[in-house]
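See below for the structure under consideration.
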There are 2 protein chains.
Amino acid sequence: MGTTPSNTSTAPSGTSRRDEILRVAGELFRRHGYHATSMRELAKRLNLRGASLYAHIDSKEELLREIVDRAADAFLASARGVPCDASPVARLEAFVRGHLRVIEGQIETAAVFFHEWTHLSGPARQHVVERRDAYQAELRAIVAAGVASGDFDVEDVDVATLLTLSTLNWSYQWLDPRGRLPLEELTAFYTEYVLGALGAGKGAQR
Amino acid sequence: MGTTPSNTSTAPSGTSRRDEILRVAGELFRRHGYHATSMRELAKRLNLRGASLYAHIDSKEELLREIVDRAADAFLASARGVPCDASPVARLEAFVRGHLRVIEGQIETAAVFFHEWTHLSGPARQHVVERRDAYQAELRAIVAAGVASGDFDVEDVDVATLLTLSTLNWSYQWLDPRGRLPLEELTAFYTEYVLGALGAGKGAQR
DNA sequence: CCTACCGATCGGTAGG
DNA sequence: CCTACCGATCGGTAGG
């Protein structure tokens, strides 16, 4: 507005040019998909020419790799931040909150992580698979602990883990960070839903 | 094998060439994504040249449109086949079974439906959105009926519907039609999980 | 960060 | 269903 030049994307201070490229790439990859996004389009959003991007990055796939990597970091850090000494119910709630927080806080990165990671190849792809497995293992440990303590009641821990992760994972499709539901309310809904699914409260009626 | 010519894709009898193109397109779109699949690659899998495809179809997008359309048909038909006069619990189970049956029966089509429909544009895209909404409305009616009858106990019918659909939708990511779990067993797991999540059995303990 | 440019490949058409 | 071919666009490089 006013006298400022028509620079569409103003960089937040402290953000490197590279971070800005990644941010905009995340937006475009999310909206159009990795392969439907051209480097020229990405450059245009940043007010520069396609070739200039290569002063900051090596390749298009590197962008995807780094976006997916950052999301995987965030999810894994969130899961590993869940206190092991808390009760299974509290741990599950913390896991859910963390998952939703990551999605809400970086919906573009998260969406690209869930939707476009298959377009990675070689070791990068393998690296993603490993971290997804690690994330799933964190949730599985919580479910197993709940079954062991009698707080949960499920027939098959692996299937229960898979279904719970399914419930959480799909949320990137519809969760709107600028939506009406605040994180804590959404966490409460999700937690109650998942706890019921895991058979919590079957023994102890309220 | 034997003396048969090296025709990699043998058409099932009664299947038109066009159906065969759609089938193979579904496989490739699922594996590589819509934009990462070239018409030449598709043609090669069918032992013909890229240009020859256009004797059977008008455009690449038409392929996507028809694949997504067929999947939407299948899901909607499944949901509408659930008997309205059954109990909410039975209706939910039937909905779950139908959903899983569609995915298991046509995993390629279903995966493309969930993953690639955003690459449709204009009226085709709108058409998909309408049918997704209709499918969701079918599930919502079941959840609402269960709440009304006292069989289910949820705080918010819309959120509960959304989370249940999330649990079901993600299954295209991992469900393996050639996997160990037969449909009925998987249906039983899912149904128990979702019924618990919806608060069924909270009042009446078994 | 720019201009100029590269070879490759894309979806699709013409004409048989 | 083929050969031959089209304009457009792709990711990326050279050289400044």
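The structure displayed is predicted, hence computed values, not measured ones. Lettering of chains follows the sequences in order, A, B, ..., and the numbering in each one begins at 1. Just so it is clear, the values below take in all heavy atoms, side chains as well, and ignore hydrogens, waters and symmetry mates.
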| query | Between B:Arg17 and D:dC1, does any side-chain N or O lie under 4.0 Å from OP1 or OP2? | reply | yes

| request: Please report, rounded to the nearest Å, how far the C1' atom of C:dC2 is from the CZ atom of A:Arg49. | output: 8 Å

| request: Classify every nucleotide of nucleotides 8-16 of chain C by which part a protein heavy atom approaches to under 4.0 Å, writing B for the base, S for the sugar-phosphate alone and - for neither, in 5'-to-3' order. | output: --BBBB---

| Which pair of heavy atoms, one from B:Phe152 and one from B:Val143, lies closest together, and at what distance? | CD1-O, 3.7 Å

| Are a donor atom and an acceptor atom from the side chains of B:Tyr193 and A:Thr164 found within less than 3.5 Å of each other? | yes

| request: Please answer whether the main-chain N or O of B:His32 pairs with a side-chain N or O of A:His119 as donor and acceptor at a distance below 3.5 Å. | output: yes

| task | Quick one: the dot-bracket string of DNA chain C, using Watson-Crick and G-U wobble pairs with both distances under 3.5 Å, [ ] for crossing pairs and | for bases paired to another strand. | result | ||||||||||||||||

| query | Between the side chain of A:His115 and the main-chain N/O of B:His115, is any donor-acceptor distance below 3.5 Å? | reply | yes

| task | Provide the closest heavy-atom pair for A:Leu175 versus A:Ile107 in the form atom of the first, atom of the second, distance. | result | O-CD1, 3.6 Å

| task | May I ask you to establish whether A:Arg70 and A:Phe113 are in a cation-pi arrangement, using a distance under 6.0 Å from NZ or CZ to the six-membered ring centre and at most 45° from the ring axis? | result | no

| Name of the residue among B:Tyr172, B:Phe114, B:Trp117 meeting ring pair (Phe, Tyr, Trp, His ring centres under 6.0 Å) with B:Phe75 | B:Phe114

| said: Under the side-chain contact (heavy atoms from CB on, under 4.5 Å) test against A:Glu108, which residue among A:Arg31, A:Arg30, A:Arg23 passes? | reply: A:Arg30

